[in-house]
**Student:** 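Input: one structure, supplied below.
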Amino acid sequence: MLVRLIYASRAKTPATHELIESILSSARQRNPQQGITGVLCYSDTIFVQVLEGGRDQVNRLYASLLRDERHYDVILLAYESIDERQYSSWTMGKIRLDKINRSLLLKYSECGELNPYQVSCCSTVALLNELASTAAFAQRD
Ligand SMILES: Cc1cc2nc3c(=O)[nH]c(=O)nc-3n(C[C@H](O)[C@H](O)[C@H](O)COP(=O)(O)O)c2cc1C
């Protein structure tokens, strides 16, 4: 059974290039074994991650993520059973939130900034869906 889980969190230290690369390199090593796909969106201070895969595998990864001290204030934005993946080509894509087209951000926010702690879960999920359909900003493996 496939599920999609979306959460947001705050980076404990500024999300430098080194931090993102170290997270992504372990994700890209581990996710294929677990059949996990998805995308990690990040700014200097915030992560939003989409995880897709089998229910047990996604649940286990989320449990590990909750214990990971590199971030905090983890909030669950969406958890649903799905018929198909949106990110089947990405072991873990990446999107820099500050590279997203401003008009797309304005569509879902008050001031053109993605802050999942301020906008509704629906807005964040809708924005991610739109990004997935254009996929213009994600890094494909
Ligand atoms: C923002 C963020 C995203 C992460 N994404 C993944 C991921 O997609 N896959 C993964 O295996 N670990 C990911 N990790 C690392 C996990 O939190 C955890 O360190 C790793 O799965 C090892 O967990 P374990 O020590 O419980 O086995 C991420 C960590 C952070 C902070």
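When a ligand or atom number is given, it counts from 1 through the structure's own listing order.
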**Student:** If you compare all heavy atoms of Leu65 against all heavy atoms of His71, which two are closest, and at what distance to 0.1 Å?
**Tutor:**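 Scanning both residues, the minimum pair turns out to be O-NE2, 2.8 Å.
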**Student:** Judged by non-hydrogen atoms, does Arg67 sit under 4.0 Å from ligand 1?
**Tutor:**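 True for this residue.
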**Student:** Could you pull out, from Arg30, Arg28, Gln33, the option with a heavy atom nearest to atom 27 (O) of ligand 1?
**Tutor:**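 Checking each option, the heavy atom nearest atom 27 (O) of ligand 1 is found in Arg30.
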**Student:** Measure from atom 25 (O) of ligand 1 to the protein's non-hydrogen atoms and state whether any distance is below 4.0 Å.
**Tutor:**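 False for atom 25 (O) of ligand 1.
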**Student:** Quick test: of every protein heavy atom, which one is nearest to atom 13 (C) of ligand 1, and how far off is it to 0.1 Å?
**Tutor:**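 Looking at atom 13 (C) of ligand 1, the protein heavy atom closest to it is Leu61 CD1, 4.1 Å.
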**Student:** Say whether Tyr7, considering both its backbone and side-chain N or O atoms, lies within less than 3.5 Å of an N or O atom on ligand 1.
**Tutor:**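 Between Tyr7 and ligand 1, no N or O pair is found under 3.5 Å apart.
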**Student:** Below 3.5 angstrom, do we get any N/O pair linking Ser64 and ligand 1?
**Tutor:**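 Looking only at distances, the answer is yes, because the N/O contact criterion of under 3.5 Å is met.
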**Student:** My understanding is that only residues two or more places apart in sequence, or in another chain, count here; which of them pass side chain to side chain donor-acceptor pair (under 3.5 Å) with Glu52?
**Tutor:**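 Result, side chain to side chain donor-acceptor pair (under 3.5 Å) vs Glu52: Arg4, Thr37.
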**Student:** Any idea which heavy atoms bring Asn31 and Met92 closest together, and the distance?
**Tutor:** ND2-CE, 3.5 Å
**Student:** Pull out every atom of ligand 1 sitting under 4.0 Å from any heavy atom of Asn31, numbered as shown with elements.
**Tutor:** 7 (C), 8 (O), 9 (N), 10 (C), 11 (O)
**Student:** Of the listed options (Val74, Leu65, Asp68), which comes nearest to atom 18 (C) of ligand 1 when hydrogens are ignored and any heavy atom counts?
**Tutor:** Asp68
**Student:** Show me which atoms of ligand 1 lie under 4.0 Å from any heavy atom of Arg70.
**Tutor:** 15 (C), 19 (O), 29 (C)
**Student:** Surrounding CZ of Arg55 (heavy atoms of other residues, nucleotides or ligands, distance under 6.0 Å), is the total greater than 12?
**Tutor:**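 At most 12 heavy atoms, drawn from other residues, nucleotides or ligands, come within 6.0 Å of this atom.
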**Student:** Looking at residues at least two apart in the chain, or sitting in another chain, which of them share a side chain to side chain donor-acceptor pair (under 3.5 Å) with Arg10?
**Tutor:**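 Side chain to side chain donor-acceptor pair (under 3.5 Å) check on Arg10 returns Asp73.
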**Student:** Which ligand 1 atoms does Met92 reach within 4.0 Å, using its non-hydrogen atoms?
**Tutor:**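 Within the 4.0 Å cut-off of Met92, ligand 1 contributes 8 (O).
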**Student:** Should Gln49 be counted as touching ligand 1, given the test is an N or O pair under 3.5 Å?
**Tutor:**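 Min N/O separation from ligand 1 is below 3.5 Å for Gln49.
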**Student:** Who's the nearest protein heavy-atom neighbour of atom 7 (C) of ligand 1, and how far?
**Tutor:** Ala27 CB, 3.4 Å
**Student:** Taking all heavy atoms of Phe47 and all of Tyr42, pick out the closest pair and write down the distance.
**Tutor:**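 Of all heavy-atom pairs spanning Phe47 and Tyr42, the closest is CD2-CB, 3.8 Å.
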**Student:** Should the heavy atoms of other residues, nucleotides or ligands under 6.0 Å from CD of Glu80 be counted, would the total exceed 12?
**Tutor:** yes
**Student:** Considering non-hydrogen atoms only, spot the tightest contact between Pro116 and Ala8 and give its length.
**Tutor:** CG-CB, 3.6 Å
**Student:** To which of Ile23, Leu24, Leu19 does the heavy atom nearest atom 31 (C) of ligand 1 belong?
**Tutor:**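 Heavy atom nearest to atom 31 (C) of ligand 1 belongs to Ile23.
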**Student:** Check whether any side-chain heavy atom of Ser25 lies under 4.5 Å from a side-chain heavy atom of Arg28, and answer yes or no.
**Tutor:**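 They are not in contact (no side-chain heavy atoms under 4.5 Å apart), so the answer is no.
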